[in-house]
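A quick write-up on the structure given underneath.
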2 protein chains.
Amino acid sequence: MDHHHGCESGGDGAHAELEALVAKVPLFAGLTHEQISEIASRVRPRVVPRNQQLYGAGDINPYLRIIHTGTVKVYRITESGHEQVIRVLGSGDFLGEKAVISPSASDHFAVTLDESEICSLDHEDMRSYLLRYPSVAFTMLETLSARLGTTEEQVSAMTGEDAAGRVAAYLVGLADEYHRSSFLLPISKKDVASYLGLTPETLSRRLAAFEDNGWIHLHGSRRVDLLDIEALRLV
Amino acid sequence: MDHHHGCESGGDGAHAELEALVAKVPLFAGLTHEQISEIASRVRPRVVPRNQQLYGAGDINPYLRIIHTGTVKVYRITESGHEQVIRVLGSGDFLGEKAVISPSASDHFAVTLDESEICSLDHEDMRSYLLRYPSVAFTMLETLSARLGTTEEQVSAMTGEDAAGRVAAYLVGLADEYHRSSFLLPISKKDVASYLGLTPETLSRRLAAFEDNGWIHLHGSRRVDLLDIEALRLV
DNA sequence: CGCCGCGTTGAACTCTCTCAACGTGTGTGG
DNA sequence: CCACACACGTTGAGAGAGTTCAACGCGGCG
């Protein structure tokens, strides 16, 4: 009983372990034990090292991937060669749903930022779950709908807010998400800049200005303390 | 058989008409005749005059709306009072799905641009169809996934392309959609500017520059002829 | 027929990007 | 374990693109 890749050492033990993992995935919340078990039997768990590309533009990527631990960055390269970070995924999130829903070559890239545990599901299997288990489809609708809302807000922010406004909103958003006013940036400042549609230089200047105003405090290259959230909310 | 406005005047005739209407909606493609009939019996058709607001930010909007004819503009007002056009809907499109999927106050506005025939579905009913008819949920997933892709591209375009590039891409996109190099803008130039994240002044200047280059020809306030699509594709 | 909003044009301003140089830290290989 | 290298991050100065403000012509809806 020892298989090669990572996770699944033992027979029943590993399977039970895998079921527990699958049961924790929000996408599969609300399924019965049997249904979870069925899915777990077809899932391929894997430990992916840091900085590994999961797929790139042009790839036909046949898997829905679910992140158990770690972080994944999804980005796109524009025609002008400019890198645009689309979103950052963490525990419980999934990616690759587009390939499941409407198979076609991917137009973006996905890379791990930390060592990550990721489960892969063949898209034929996933399709069958979507059609057989309405709650899975419904949860996926919830997720896509929420993601669409976020992306639409991003569009508004790009044109409606200036650099300072976007940076401030981003920091306040992180504080809300973590329920803390001191936190580590989930991605490098370079990537934050890309996500906000700014150059690294501009981001650096805005952060420096916020610090001069006494609104934030920067520590090391990732830690941020928000000292005056109200001031930041007012842009 | 003369009904006032398509709606619910007569008995069977009107119902059969309504079924034919529902059967044409992409969202309900693939359903059996009985299922279509069930949905048709719960649908509320309505003719909406031009420039009528369907719902606004803050409203709790309990309907999924399906557009049979006409055009609807969906937009958002940013904190700074800036209007941002999110998308423009036409025949076969639906809106209000967010209220169905995760009920909450709307954060955007929807207005008719032409007189439009629009069917409303109570969100409890729609929820039940989503859970009972997997193909409906799947089609909705397809739609949301495609819309998400479009919106993500919009984000990239906002930061990766300059004004000329966005205007050119928009014009070429319309030509592709209509399969014609001469067409009418679906919305006012003011709204086009908002959609592209520009001021009306900048849009006007870019269009004038394209016309000077002999790439396009403007006629009246809405008609556009593309004279050199290749030049436009190269930005 | 009149009016309001759309669209256009002009000129000045401001914000961000670009280019460049320098400091830092992180990961790697000797 | 240390040294080096490369990518990240910061700071400065300059240029360019889009916005803003203002005025005016035009057209469509009431």
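Protein chains get the first letters and strands the later ones, always in sequence-line order, with residue 1 at the start of each.
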CA sep, side-chain torsions, deciding dist, call: A:R166, A:T202, side chain to side chain contact (heavy atoms under 4.5 Å, CB included): CA-CA 11 Å; A:R166 281 179 267 170; A:T202 300; over 6 Å; no

Side chain to side chain donor-acceptor pair (under 3.5 Å) evaluation trace for A:S102 with A:S104: CA-CA 6 Å; A:S102 54; A:S104 62; 5.0 Å; no

Step-by-step side chain to side chain contact (heavy atoms under 4.5 Å, CB included) determination, A:I67 to A:L95: CA-CA 8 Å; A:I67 302 169; A:L95 71 163; 4.3 Å; yes

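Tested against A:E152, the residues B:Q154, B:Q84, B:R147, B:R87 include a single side chain to side chain donor-acceptor pair (under 3.5 Å) partner, B:R87.
Using a distance-only test at 3.5 Å, with no hydrogens or angles considered, a donor-acceptor pair links the side chain of A:R50 to the main chain of A:L113.
For the OP1/OP2 pair of C:dC6 and a distance below 4.0 Å, the side-chain nitrogens and oxygens of B:K190 include at least one atom meeting the criterion. In this structure, A:T202 reaches the C:dC17 phosphate: one of its side-chain N or O atoms is under 4.0 Å from OP1 or OP2.
Comparing B:N51 and B:L203 by the nucleotide of DNA chain D whose heavy atom lies nearest to each, the residue mapping closer to the 5' end is B:L203. Taking the nucleotide of DNA chain D with the nearest heavy atom to each of B:S221 and B:D162, the more 5' of the two is matched to B:D162.
Of all nucleotides in DNA chain D having an atom under 4.0 Å from a heavy atom of chain B, the first and last in 5' to 3' order are D:dG18 to D:dC29.
Using a 4.0 Å heavy-atom cutoff across all strands shown, B:R206 reaches sugar-phosphate atoms only and no base atom. Across all strands shown, B:R166 has no heavy atoms under 4.0 Å from either base or sugar-phosphate atoms. At the heavy-atom level, A:L198 lies under 4.0 Å from the strands shown only through sugar-phosphate atoms.
For A:A163, the side-chain atoms get nearest to C:dT16 when compared with the rest of C:dT9, C:dA20, C:dT16.
Contact between A:D225 and A:S182 at its shortest, heavy atoms only, is OD1-OG, 2.6 Å.
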